[in-house]
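Below is one structure, written out as structure tokens, with a few remarks after it.
Counting starts at 1 for both ligands and their atoms, following the listed order.
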Amino acid sequence: MSEITRRPRRLRTSPAMRALVAETSLRPADLILPMFIADGIEEPRPISSMPGVVQHTFATLIDAIREARDAGIKCIDLFGVPASEDKDAEGSQAWAADGVLNRAIKAVRAEFGDDILVMADTCLDEFTTHGHCGVLATDRFGDTIVDNDATLERYQKMAVAQATAGAHIVSPSGMMDGQIAAIRQALDEAGFGDVAIMAYSAKYASAYYGPFREAVGSSLEGDRRTYQQDPANVRESLLEVDLDVAEGADFVLVKPGMPYLDVLRAVSEVSPVPVVVYQVSGEYAMIQAAAANGWLDGEASMMEALLAFKRAGANQILTYFAVEAARILREQY
Ligand code: PBG
């Protein structure tokens, strides 16, 4: 077989050779940890569809962030879970200074200063009785719709409240048109020119968010298809990214992750700002469930999925595995 002159296996012969030629790598600082803070609970509340993830109390939140920081994580993303009696049609606890999320931002900043970046979810769905990402209205046919422009005013108040509480980054995830420009303008007018915006630019109406709905005690009935993107489309994501960058996004985000690696690749080829991917609750649940059954090697599958995001062009990864993966990465080096 001496006619074979090109032998790619030469570069796979040993761990040292493979490390030498690796095109992509993961660092703990690439990973962003989403966390849930709940009001009115005494003990952390496990989320059954996301083994290892909990709704935190204020005390356990601080402890868990300390662990994340010690593992090398640089950024956390906070989601608030208000008591159900605190929800209303507008989601007003989202911008109340004493709303659960804003209190948590303040507590985390007081504890950690600039040692860890505090990002906040800037969306109404956890705070509304109907569970939609915006406020509702009736259109001219008598149908109930999510009112884009009326929602923007609420997002502005929410982002300013989050910045006032000390958020380093706000992250509008509601897919309203014009949300980045509206939030940028409100932040700048309130003197928060230094607060960054991570825009959920390409967010799809996905079944993979299922476990998250349990995680935040969502009251949603129906779906989000009039504002989140259709899984059939990719061009639309490039338009959304263009608009968000023009409106002032500091990061753009693609979500979910694994079923949308092509979208991630396409966005990463054109984006002038860092590209973030969100490995969502359903992706986490699938790996955990298969590992618990002995069907997959959980740790290896987790690391492979995270590396695949980097290979597809992601700069940062939102993942519930952040601390576990960061610890593994630290052992390797
Ligand atoms: C909405 C929001 C959702 C997620 C993050 N922000 C749910 C949705 O759009 O229905 C899902 C995250 C996950 O599944 O891990 N603010």
*For ligand 1, would you mind listing the residues that have at least one heavy atom less than 4.0 Å away, ordered by chain and number?*
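Residue list for ligand 1: F79, D121, C123, D125, E126, S173, K203, Y209, F212, R213, R224, Q228, K255, Y278, V280, S281, Y320.
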*Using the test side-chain contact (heavy atoms from CB on, under 4.5 Å), find all partners of A190 that sit at least two apart in sequence or belong to another chain.*
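For A190 the side-chain contact (heavy atoms from CB on, under 4.5 Å) partners, ignoring immediate neighbours, are V160, F192.
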_Pairing residues for E324 by the side-chain contact (heavy atoms from CB on, under 4.5 Å) criterion, not counting sequence neighbours_ =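 Partners of E324 under the side-chain contact (heavy atoms from CB on, under 4.5 Å) test: M302, F321.
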Please set out all donor-acceptor pairs under 3.5 angstrom arising from side-chain atoms of residues 108-116, sequence neighbours excluded.
| unit_1 | atom_1 | unit_2 | atom_2 | d |
| --- | --- | --- | --- | --- |
| R109 | NE | G113 | O | 3.0 |
| R109 | NH1 | G166 | O | 2.7 |
| R109 | NH1 | H168 | NE2 | 3.3 |
| R109 | NH2 | D114 | OD1 | 3.0 |
| E111 | OE2 | R66 | NH2 | 3.0 |
| D114 | OD1 | H168 | NE2 | 2.8 |

*Think K255 forms a cation-pi with Y209, using NZ or CZ under 6.0 Å from the six-ring centre and within 45 degrees of its axis?*
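Checked: cation-pi criterion met.
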*Any ion pair linking E269 and R265 (charged N to carboxylate O, less than 4.0 Å)?*
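E269 and R265: salt-bridged.
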_Pair S206, Q228: side-chain N/O donor-acceptor within cut-off below 3.5 Å_ =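 There is no such pair between these side chains.
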